Amino acid sequence: MSGRKNAGKVSPWLLVLICLGCFFVTYNLLTMPSRGRDGPRKFLGGGGDRHSTASLGSGSDSDPAKRFHVALTATDALYSQWQSRIMHYWYKEMRDRPGSDMGGFTRILHSGKPDGLMDEIPTMVVDPLPEGKDQGYIVLNRPWAFVQWIQKAKIVEEYILMAEPDHVFVKPLPNLSHGDEPAAFPFFYIKPTENEKILRKFFPEEKGPISNIDPIGNSPVIIKKAQLEKIAPTWMNVSLKMKEDQETDKAFGWVLEMYAYAVASALHGVHHSLHKDFMIQPPWDLKTDNTFIIHYTYGCDYSMKGQLTYGKIGEWRFDKRSYLQSPPPRNLSLPPPGVPESVVTLVKMVNEATANIPGWEDDR
C-alpha cells in the first residue's frame, strides 16, 4: 500500500507533537459555538508500505466520484490475519461487479512492523500507541492508526469505508453516503440519550442536545476523506480521555471506542445517515436479504435440531474465537437443518474463501 517506505517507529517527538495537535483540535471543538442539530435520526434501507493506495477498479457502472477506499485496521496476530484474508478475498470478488463503488484497499497494520501478509494484502504499517497507553484495550489503536494513515497515504478516492477484519461482503457495496452526510450502521447497544450524564464530560451542553450524537461506531462507515481527516484526531483524543476516566471506562467497556467516534463526529457537526441494511450480525439477524456485509462478531451455537443455544456451546458451532491460535480449517461442516440462512451463508462464504486462498493453513 502506499505512503512512505519508512514505516518503522515514529520519532517520540513526532508522536508528542501529533498528540498535542490532537489535544488542541479537541479543545477548540469543545469551545467553539455549536452548530448542532436536534430531532430523531433517520434510517435508510430495510508498509511496510508494500502496495499503492491507488484505486484498483470498481464496477463498470460506477461513478468515479463516488468510489470509496476500503480500509480496515488490523494487528499481526494470527487471529486478525486469517479474518483479514477472508475479508480481502470477498472484497476482490465483489469489487468489480455491477453496482459496486468499491475502489482501492488498505489493511492498516498497527503492529509497527511488517508481517507475512504484506505481499498478499495491500498494507500500510503504522505505529501502535506508546506501550501501556491502550491499557490492554487494543482497539484504542484504531483511531491512532487512522490518524497516521490519513497523514501518510496517497488515497485517490474521495470517500473511505472504515471496515473490520470480521466483515464479509455479501454483495457489491455502493456508496451509501449522501454528500457531506456519511453512511453508518445503527448499533442497538449504542445509546447516547441513555448515557447523557457520562457523555456530557466529552460533549458539553453548548454543543447541542445529546441526540446530536449518532448511535453508531466507526465501522462500517462510508465517509468523505476530508471529513475523516478532521474527525480522526478528535476521535483518538476522546478515546484516550474516555479510557482514562474510570466511570466512562466501566460504563462503556468494549464499546468505548465506538462511543468515542460518535462523540468526535458530533463535535465536528457531522451527522450520519443510518442504514439498517448496511450489515447483519448472525445469529440475531436471520437472513442476508438486502444486506451488504455479514459481521461475524457473535458466536453461532446450535443443537443438531437447528435450535439456537446462545450462551452454551452448541453441538454445531461457528465462533471466530474458536480460532485464536490457528485459522479455521478448510471445508467447515455446514449447519444442521433449521439454522437461519444468514449463518449458512456465512459458513459457505468462509469455506469458499479458504478453498481459494493459497497457503490457507500456512503459518504467517
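All figures in this text were calculated on a predicted structure; none of them were measured in a lab. Residue numbers count from 1 along this sequence.
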**Asked** What's the spacing between Met242 CE and Leu140 CG if we round to 0.5 Å?
**Response** 11.0 Å
**Check ion pair Lys243-Asp249 (N to O, under 4.0 angstrom)** = yes
**Asked** If you take all heavy atoms of Asp289 and Lys171, which pair is closest and at what distance?
**Response** O-NZ, 4.5 Å
**Message:** Looking at every heavy atom in both Pro192 and Ile213, which two are closest together, and how far apart are they?
**Reply:** CG-O, 3.4 Å
**Item:** Tyr189-Trp254 aromatic ring centre distance below 6.0 Å
**Value:** yes
Less than 3.5 Å apart, which donor and acceptor atoms pair up between the side chains of residues 216-225 and the rest of the protein, not counting sequence neighbours?
{"from": "Asn218", "atom 1": "OD1", "to": "Arg142", "atom 2": "NH1", "distance (Å)": "3.4"}
{"from": "Ser219", "atom 1": "OG", "to": "Met162", "atom 2": "O", "distance (Å)": "3.0"}
{"from": "Lys224", "atom 1": "NZ", "to": "Asp180", "atom 2": "OD1", "distance (Å)": "2.9"}
{"from": "Lys225", "atom 1": "NZ", "to": "Ile155", "atom 2": "O", "distance (Å)": "2.5"}
{"from": "Lys225", "atom 1": "NZ", "to": "Glu157", "atom 2": "O", "distance (Å)": "3.3"}

**Worked check of ring-ring contact (aromatic ring centres under 6.0 Å, His included) between Tyr89 and Tyr91** = CA-CA 5 Å; Tyr89 172 86; Tyr91 154 79; over 10 Å; no
**Asked** What distance separates Leu161 CG from Ile293 CD1, expressed to the nearest 0.5 Å?
**Response** 6.0 Å
**Asked** Got a sec, which residues hit salt bridge (Lys or Arg N to Asp or Glu O under 4.0 Å) with Lys348, two or more places apart in sequence or on another chain?
**Response** none
**Prompt:** How many angstroms lie between CG in Leu129 and CG in Asn141, if you round to the nearest 0.5 Å?
**Reply:** 4.5 Å
**Item:** ring-ring contact (aromatic ring centres under 6.0 Å, His included), paired with His69, selected from Trp149, Phe146, Phe105
**Value:** Trp149
**Request:** Determine, for Lys201 against Glu196, whether the closest basic-nitrogen to carboxylate-oxygen distance falls under 4.0 angstrom.
**Result:** no
